[in-house]
Novice: 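The following block contains the structure, expressed as structure tokens.
Because the structure is predicted, anything quoted here is derived from the model rather than measured. Counting starts at 1 for both ligands and their atoms, in listed order.
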Amino acid sequence: MTPRTATVAIVGAGPAGLVLAHALRRAGVDAAVHERLSRAELEATARAGVLEHRVVEYLRALGLADRLAAEGERHGRCEISCLGERVVVDYGALSGGVRHWVYPQQLLVRDLIAAYERDGGTIAFGSPVLAVAPDRAGHPVLRTAGGELRARYAVGCDGARGVVAAAFPDGAAGPERRYPYDWLTVLARIDRPVAAVRYAVHADGYAGMMPRTADVGRFYLEVPAGERVEGWPPDRIRAELVRRLGRGGGDPRPGELLETGVLRMRGRVARRMRHGRLLLAGDAAHTVTPSGAKGLNSAVADAADLAGALLAELRAQGGGGEGGGAALEGYQERRLAAAWRTQEFSDRLLDLLHLPAGLPPEQREFALRLRLERIRRIARPGPEAAEFARAYAGAGELPAAGVWPPAQRAAVASCATGR
Ligand code: PHB
């Protein structure tokens, strides 16, 4: 069988892989996208749902946000309850107008796939990449069930423990932290929409209530590390949610539980996101806890940056020569720095939302009282609140690589196909 070839092989068709594929395609660079899951499985996997301002602006510039803008909801306030007080953080105002969009990840993935196919692209669903190894020239060769795929670059957008990371000499290892608690995760029917993200800081553990769609909400409960979901029948989950979240008159009530699980809370950043012609983006390079909703957003930010870096590298190769890798090193440097900023933000929010591990009951009120001070500080106009609000909502811009003048497109397209 003759091996297939592509300029860029993308492993994983989640948000990072799809955004990268789109951005490359717009510049005339061919990508081969392989996804382990079937299309139906991928499009049904409910995960994140809160998109940062800068991510949506980037998608909009690529023409990929039409349905999101029509059907998504803008959110600029969250609520944090503690010791019976419910503090509203109007981060939209505190940040000077930066807000989130609420739009379920699986709908975004559907939109990105549909648009990619409309543009003439194809995605190999149900087609895992089994292994990646360099050939003698250092170009990646990917082994799939359908034969070999040879590419100039291979990008792992395939989540933690992905196959591209496994081809790094150190397996893309890096510093990590296992938190001393887990989050029970729940997708539940609700009788009215979640109007704002709610965090409850509670003596018995954190609880969260997050918007998804008009009749489905995402809920979280802090549980001891290593907890199993079997110990949590639906009635216990519902009762504990209501108890920790508090019962406001207009609050949605969790009804039928559609999905439950336990999320092992950990943070991790690989030491490297590039090894030669192998690159990593999103969860393949870093794991962040859900706190602050940064996982999906930082994955798309990686993809946006990497698209620009790959195009710069291909251009520097000038139709066949070697591009030195400076643009790809730049990608790694910028995105590792960003990954640590994200970890610090999520860790800081976690610290606010949880009491210290093992705190005896008689000391919990004191710890809660301190947290209430911190909550008030990020809700009250001032430099700290503005910094929190801008980081939370994703102020700023992602680098746009989407729109190129025709001459540049032609130059990159010819060097991309001249392997
Ligand atoms: C979520 O939508 O799942 C979410 C939102 C905000 C958070 C954490 C999770 O801080």
Novice: If the contact criterion is a heavy-atom separation under 4.0 Å, does G292 count as touching ligand 1?
Specialist: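 So G292 counts as touching ligand 1.
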
Novice: Please determine which of D305, D302, T342 meets the side chain to side chain donor-acceptor pair (under 3.5 Å) test together with R335.
Specialist: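 The option that passes is D302.
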
Novice: In terms of relative ring orientation, are H354 and Y181 parallel, tilted or perpendicular, with 30° and 60° separating the classes?
Specialist: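 Because their plane-to-plane angle is under 30°, the rings of H354 and Y181 count as parallel.
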
Novice: Does NZ or CZ of R266 fall inside the cone over Y179's six-membered ring, less than 6.0 Å from its centre and within 45° of the axis?
Specialist: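 Not satisfied by the 6.0 Å and 45° rule.
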
Novice: Between the side chains of R177 and Q343, is a donor N or O closer than 3.5 angstrom to an acceptor N or O?
Specialist: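 Note: R177 and Q343 side chains miss the donor-acceptor criterion.
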
Novice: Starting from atom 4 (C) of ligand 1, find the nearest protein heavy-atom neighbour and note its residue, name and distance.
Specialist: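 So the nearest neighbour among protein heavy atoms is M210 CG, 3.2 Å.
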
Novice: Looking only at distances, can you tell me whether any N or O atom of Y220, backbone or side chain, sits closer than 3.5 Å to an N or O atom of ligand 1?
Specialist: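 Yes: some nitrogen or oxygen of Y220 is under 3.5 Å from one in ligand 1.
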
Novice: In terms of relative ring orientation, are Y392 and Y91 parallel, tilted or perpendicular, with 30° and 60° separating the classes?
Specialist: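 If you compare the ring of Y392 with that of Y91, the planes turn out perpendicular.
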
Novice: Taking N or O atoms only and a 3.5 Å limit, does Y199 qualify as a polar contact for ligand 1?
Specialist: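 N/O-N/O distance under 3.5 Å: yes.
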
Novice: With a 4.0 Å cut-off on heavy atoms, is P290 in contact with ligand 1?
Specialist: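 Yes, P290 has a heavy atom closer than 4.0 Å to ligand 1.
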
Novice: Could you identify the single nearest non-hydrogen protein atom to atom 2 (O) of ligand 1 and state the distance to 0.1 Å?
Specialist: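 Closest protein heavy atom to atom 2 (O) of ligand 1: R212 NH1, 2.7 Å.
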
